[in-house]
Amino acid sequence: MAEIQFKEITKRYPDGFEAVKAIDLDIGDGEFMILVGPSGCGKSTALRMIAGLEDITEGDLIIGGERVNDLAPRDRDIAMVFQNYALYPHMTVRDNMGFALKLAKADKSEIDTKVTEAARILDLEQHLDRKPANLSGGQRQRVAMGRAIVRDPKAFLMDEPLSNLDAKLRVQMRTEVARIQKRLGTTMVYVTHDQTEAMTLGDRVAVMRAGIIQQVDTPANLYENPRNLFVAGFIGSPSMNFLPGRLEGDVVKTPIGDIPLSDRIREGVQKAGSGQDVIVGMRPEHFEDVAVEQEEHPDRMRFRTKVDVVESMGSELYVYFDVQTDQELHTADLDELAADAGLEDLPSHGGGQQVVARLSAESKASPGGEVELSVDTSQIKLFDAGDGRSLTLPPE
């Protein structure tokens, strides 16, 4: 096991493009660190620099207390698992898993012992004599992981290892990866575009955008206390809703009504020193249908709206509606989030802003009908309309 440290690391290509820009990141010994962000944000490049597959332009990479910038990949004692498995089709599972040890001229009995132990951990014992073509996608992914495990490396690197699996199998393998990492206790750096994977797997998560780390924190803190608009919009499914707002005294005026500011939020806004125009963030789960609320709460603000679309998830409903506003929200953060989600080319909502609410399954909301909703105003987030920084972070 080993600690991995990025010290002001930059990756610049010959054409001048900077894929990674002076990032600092400390990954603890035995920690499960997730690198997450939209396509092209530099997360895979960062991983490949750890592996030695990409040269480092500036800065220092420290693994286990040793600077490894100039070490060849084979000398770094790192094992990498890719999304395409990279198994040898003519070899059995046993031979695939033990191949790296065979190349290292390890003793046959040692190879057999390590392969058998890895197969037991991964529940592959009954498949050791089968070829990859006769295995399911999940089994092939476990073989690729087994090939890394037998080497007993200082760290595991995983580059979107579950992206080729179907949705149900991806959920199962997510659980497997977490279980295996906890059992082995080895440092693991895991790259994914899927923020659900990031939130459920990692000890800590580093959110990247355009080669820069936006925030490194526990999944819970990323969700509850995003540092900026981009992190707030990227983390969460469905993602956070954003509406234009204007600060006037002790309230923030929004298209759905005037929201009184709690003492905590007001103090945060005053400390941040923002202007009057803000962006108001509301997570879908902080809405509810007034008709099914168990009890009234002073922090809940009510409003009526026309329903556009209802998606029933069985245990809950996703209700989509438009909020009319004179002010269109266009910031670099929001435009990039829309592009990453594939929404940038969708038609506009005629001066409206689409909002999604996650409601109880008991709600009678229906497409084309009206519904009275409430929103928990104590949970709103405020962001500077100019630079996107959070105005409501709790004091450190």
Side-chain angles (χ1 to χ4, degrees), residues 1-83 148 153-161 181 186-195 197-198 201-219 221-222 226-228 230-231 234-235 332-333 336 340 388-389:
M1 295 190 291
E3 183 181 17
I4 300 173
Q5 297 173 292
F6 286 78
K7 293 186 177 295
E8 293 288 317
I9 285 184
T10 294
K11 172 61 182 181
R12 186 180 302 110
Y13 288 100
D15 62 0
F17 175 72
E18 289 187 340
V20 172
K21 303 174 184 178
I23 63 172
D24 282 306
L25 180 64
D26 287 351
I27 302 168
D29 190 6
E31 184 175 19
F32 196 159
M33 173 65 75
I34 308 290
L35 303 182
V36 67
S39 298
C41 71
K43 55 189 184 294
S44 290
T45 302
L47 194 78
R48 289 171 63 84
M49 286 193 287
I50 299 174
L53 301 178
E54 292 277 4
D55 293 332
I56 296 170
T57 308
E58 296 171 9
D60 295 315
L61 178 65
I62 312 296
I63 300 179
E66 179 185 4
R67 183 180 183 275
V68 299
N69 291 43
D70 302 319
L71 285 184
R74 66 175 180 274
D75 298 324
R76 298 190 183 194
D77 196 14
I78 296 291
M80 193 160 180
V81 179
F82 300 92
Q83 68 183 71
K154 290 180 180 177
F156 293 116
L157 309 180
M158 296 199 170
D159 191 3
E160 305 205 43
Q181 197 277 335
T186 305
T187 306
M188 185 177 289
V189 187
Y190 187 108
V191 160
T192 181
H193 178 275
D194 183 343
Q195 58 92 23
E197 277 183 26
L201 279 175
D203 296 323
R204 287 192 302 154
V205 179
V207 181
M208 295 187 67
R209 175 195 178 201
I212 298 170
I213 292 180
Q214 302 292 305
Q215 186 171 350
V216 183
D217 219 322
T218 63
N221 276 336
L222 279 178
R227 186 178 295 167
N228 58 39
F230 181 82
V231 175
F234 192 83
I235 298 296
D333 289 357
E336 183 167 344
D340 182 58
R389 63 196 163 95

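Closest approach of Phe32 and Leu201 over heavy atoms only: CD1-O, 3.6 Å. Across all non-hydrogen atoms, the minimal contact from Pro38 to Phe230 is CD-CZ, 3.6 Å. Closest of all the heavy-atom pairs between Ala46 and Leu35 is CB-CD1, 4.1 Å.
Side chains of Gln181 and Tyr190: no donor on one and acceptor on the other come within 3.5 Å.
For the side-chain hydrogen bond (donor to acceptor under 3.5 Å, both in side chains) test, residues two or more places apart in sequence or in another chain that qualify with Arg204 are Glu31. For Asp203, the salt bridge (charged side-chain N to carboxylate O under 4.0 Å, His left out) partners at least two apart in sequence or on another chain are Lys182. Partners of Met208 under the side chain to side chain contact (heavy atoms under 4.5 Å, CB included) rule, at least two apart in sequence or in another chain, are Cys41, Lys43, Ile213. By the side-chain hydrogen bond (donor to acceptor under 3.5 Å, both in side chains) test, Thr45 is found to be paired with no residue, residues two or more places apart in sequence or in another chain being considered. By the side-chain hydrogen bond (donor to acceptor under 3.5 Å, both in side chains) test, Gln214 is found to be paired with Asn228, residues two or more places apart in sequence or in another chain being considered. For Phe156, there are no ring-ring contact (aromatic ring centres under 6.0 Å, His included) partners at least two apart in sequence or on another chain. For the side chain to side chain contact (heavy atoms under 4.5 Å, CB included) test, residues two or more places apart in sequence or in another chain that qualify with Asp217 are Gln215, Asn221, Leu222.
A donor-acceptor distance shorter than 3.5 angstrom exists from the side chain of Arg76 to the backbone of Val68, with no hydrogens or angles considered.
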Please report the C-alpha distance between Met33 and Val216 in whole Å, then the side-chain angles of each, then the deciding distance to 0.1 Å, and finally whether the side-chain contact (heavy atoms from CB on, under 4.5 Å) criterion is met. CA-CA 9 Å; Met33 173 65 75; Val216 183; 4.1 Å; yes
Run the numbers on Ile4 and Lys154 for side-chain contact (heavy atoms from CB on, under 4.5 Å), then give the verdict. CA-CA 10 Å; Ile4 300 173; Lys154 290 180 180 177; over 6 Å; no
Show me the side-chain donor-acceptor pairs of residues 49-60 shorter than 3.5 Å, one per line, residues at least two apart or across chains.
| unit_1 | atom_1 | unit_2 | atom_2 | d |
| --- | --- | --- | --- | --- |
| Glu54 | OE2 | Tyr13 | OH | 3.3 |
| Thr57 | OG1 | Arg12 | N | 2.7 |
| Thr57 | OG1 | Arg12 | O | 3.3 |
| Glu58 | OE2 | Arg12 | NH1 | 3.2 |
| Glu58 | OE2 | Arg12 | NH2 | 3.1 |
| Asp60 | OD1 | Arg67 | NE | 2.6 |
| Asp60 | OD1 | Arg67 | NH2 | 3.4 |

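Each of Ile62, Leu25, Asp24 was scored for a side-chain contact (heavy atoms from CB on, under 4.5 Å) with Gln5, with one residue passing: Ile62.
For the atom pair Thr187 OG1 and Ile63 CD1, the distance stands at 9.5 Å (nearest 0.5 Å).
Residues Pro153 and Asp77 have side chains in contact (heavy-atom distance under 4.5 Å, counting atoms from C-beta outward).
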